[in-house]
**Q** 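I am attaching a structure below and will ask some questions about it afterwards.
It should be emphasised that the depicted structure is a prediction, and the values quoted were computed from it without experimental measurement.
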Amino acid sequence: MELHLIDHDRLDPWAEPEQPRELMVTVSYPADSTLGRTELPWLPSGAERALKARFGGVLDAVVLPATHSADRAPARCGRHPVILYSPGYSSDRTFNTLVVEDLASWGYVVVTVDHPYDSGEVEFPDGRVVLTRPAGDEDAIARAVAVRAADLRFVLDRLAVLGQGGNPDARRRPLPRGLSQTLDLSRVGVFGHSRGGAAAAAAVGEDPRVRAGINLDGAVYGPVVERGLDRPFLLVDTAVHDGLRQDPTWSALWPKLRGWHRCLRLADADHNSFTDLVAIGPQLGMPLPLQLGTIPAERAVTAVRATVRTFFDAQLRGRPDTGHLLMGASPRHPEIQYVAGR
């Protein structure tokens, strides 16, 4: 289910002319029944056209992933932990659908957030499609991460309204039956890829409602680097990134992680092996700088799904890591390697 959210207390730092900050989010949740419901596309049609235009026709013949999400299906009874997801720079909130849907199938409510002008192609209900602005220098990236963290805090505010029976959608579109009763906002986590990983760290540092977070292969920016974190946080990198040795933001943050913390590695992977792009890339039949590594797509997806789920099972549900995955010692997922931490 999509929600269009408007923060009337903040101006969008990049929109011209000035206007309140607008967000698009998707809420994925365990459904009671999907019978007769329309399947949500991986990307809305306008965003899909914009994505293909960005790559100059290279993606025109690519079959984008199908989803297993039925639009506005009634929610399954029960209260479920809530996880926020922030995508990488110039990536869309749908770029980790393979992980998000897996989490929903295991009983999580997952809210994926597009950050206009910093995410990829953000399509609004009136048909507008907002595109990515240039990345900028290090200071500009730090400001963008701060905006993302504020976006995530605002989304949590609006989810609280939803949990109290209100409708936070800007157009008051009908909500799925039973959704408001499914949100357990006492158990909130966050994860993100690349710049979204930086936003996840910032959100854990700034919002006490967020109990645990994961950074998938992203540098870290903002006050959290110096202040550190006192709640569980997982870093996952690749040998290409080698975060604790080659990324000064990781080496600065690491000694300031005061809660449960660990660094794991996805073997034979590269930066975008954590996203749906690892499954799309093999269709292209030509080299593109997609940063996918040599790990087979199926193994990458399986390993990332398991790692994210096991971490949140441990931190939000108190379930032990019986498969020793978070110690990098799982025979089922040998691609996940232990680097450091406790």
Side-chain angles (χ1 to χ4, degrees), residues 5-7 10-25 43-44 46-60 62 85-96 112-124 126-152 154-155 192-203 215-225 238 240-241 243 246-250 270-277 280-281 284 287-292:
L5 306 178
I6 302 178
D7 186 349
R10 283 191 300 154
L11 290 176
D12 193 305
W14 302 296
E16 295 180 358
E18 285 188 345
Q19 63 183 48
R21 181 70 168 164
E22 294 182 85
L23 303 174
M24 289 299 299
V25 309
L43 275 179
E48 179 180 337
R49 288 192 296 271
L51 174 68
K52 291 183 173 180
R54 173 157 52 117
F55 285 92
V58 172
L59 300 180
D60 287 355
V62 170
Y85 172 72
S86 180
Y89 169 71
S90 78
S91 296
D92 301 313
R93 69 185 188 274
T94 60
F95 275 28
N96 233 312
T112 58
V113 182
D114 263 339
H115 308 276
Y117 302 98
D118 200 52
S119 293
E121 299 73 19
V122 185
E123 182 172 352
F124 290 97
D126 61 6
R128 287 176 296 139
V129 178
V130 172
L131 304 179
T132 314
R133 77 195 197 298
D137 59 15
E138 292 291 302
D139 288 341
I141 295 172
R143 288 193 295 272
V145 170
V147 172
R148 284 173 174 253
D151 289 345
L152 295 175
F154 172 67
V155 169
H193 171 246
S194 192
R195 193 175 294 186
N215 178 343
L216 300 174
D217 210 41
V220 188
Y221 295 88
V224 68
V225 177
T238 67
V240 177
H241 181 196
Q246 296 186 161
D247 186 332
T249 70
W250 279 35
D270 205 340
H271 190 57
N272 285 319
S273 300
F274 297 96
T275 74
D276 292 0
L277 295 181
I280 298 171
L284 295 175
L288 276 181
L290 290 181
Q291 298 177 286
L292 300 179

**Q** Heavy atoms, side chains only, cut-off 4.5 Å: are Val113 and Val25 in contact?
**A**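 Contact flag for Val113/Val25 side chains = yes.
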**Q** For Ala199 versus Leu152, what's the shortest heavy-atom pair and its separation?
**A**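 Heavy atoms of Ala199 and Leu152 come nearest at O-CD1, 3.9 Å.
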**Q** With sequence neighbours left out, what residues match Asp139 under salt bridge (charged side-chain N to carboxylate O under 4.0 Å, His left out)?
**A** none
**Q** Quick one: does Arg93's side chain get under 4.5 Å of Ser119's, heavy atoms only?
**A** no
**Q** To the nearest 0.5 Å, what is the distance between OH on Tyr221 and CZ on Arg195?
**A** 7.0 Å
**Q** Quick one, Pro116 and Arg21 - any side-chain contact, counting heavy atoms below 4.5 Å?
**A** yes
**Q** Yes or no on side chain to side chain contact (heavy atoms under 4.5 Å, CB included) for Val129 and Leu131, after CA distance, side-chain angles and deciding distance?
**A** CA-CA 6 Å; Val129 178; Leu131 304 179; 3.9 Å; yes
**Q** State, to 0.1 Å, how close Leu51 and Leu43 come at their nearest heavy-atom pair, and which atoms those are.
**A**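 Taking Leu51 first and Leu43 second, the nearest heavy atoms are CD2-CD1, 3.5 Å.
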**Q** Report the relative orientation of the aromatic rings in His241 and Trp250; use parallel for angles under 30°, tilted for 30 to 60°, perpendicular for over 60°.
**A**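 Judged by the thresholds at 30° and 60°, the geometry between His241 and Trp250 is perpendicular.
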**Q** When you compare the side chain of Tyr89 with that of Ile141, does any pair of heavy atoms fall below 4.5 Å?
**A** no
**Q** Quick one, Thr238 and Phe274 - any side-chain contact, counting heavy atoms below 4.5 Å?
**A** yes
**Q** For the CD atom on Gln19, are there more than 12 heavy atoms of other groups (residues, nucleotides or ligands in this structure) within a distance under 6.0 Å?
**A** yes
**Q** Checking Asn215 now: which residues fulfil side-chain hydrogen bond (donor to acceptor under 3.5 Å, both in side chains) with it, not counting sequence neighbours?
**A** none
**Q** Can you name the closest pair of heavy atoms from Thr249 and Val220 and give their distance?
**A** OG1-N, 3.0 Å
**Q** With salt bridge (Lys or Arg N to Asp or Glu O under 4.0 Å) as the rule and sequence neighbours excluded, what pairs involving residues 48-59 come up?
**A**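 Sorted pair list: Glu48-Lys52, Arg54-Glu121.
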**Q** Do you know the tightest heavy-atom contact between Ala140 and Ala135?
**A** CB-O, 4.0 Å
**Q** Does any part of the side chain of Leu277, heavy atoms only, come nearer than 4.5 Å to the side chain of Gln291, both counted from C-beta?
**A** no
**Q** Working to the nearest 0.5 Å, report the span between OG1 of Thr275 and CG of Asp217.
**A**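 Output value for this atom pair is 10.5 Å.
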**Q** Identify the heavy atoms of Asp92 and Pro87 that sit nearest to each other, and give their distance.
**A**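 Closest heavy-atom pair between Asp92 and Pro87: O-CB, 3.5 Å.
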**Q** Using a 4.5 Å cut-off on heavy atoms from C-beta on, say whether the side chain of Val147 contacts that of Trp14.
**A**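 Yes, at least one pair of side-chain atoms sits under 4.5 Å.
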**Q** For Phe154 and Leu5, work out which heavy atoms get closest and say how close.
**A**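 Closest pair (atom of Phe154, atom of Leu5, distance): CE2-CB, 3.7 Å.
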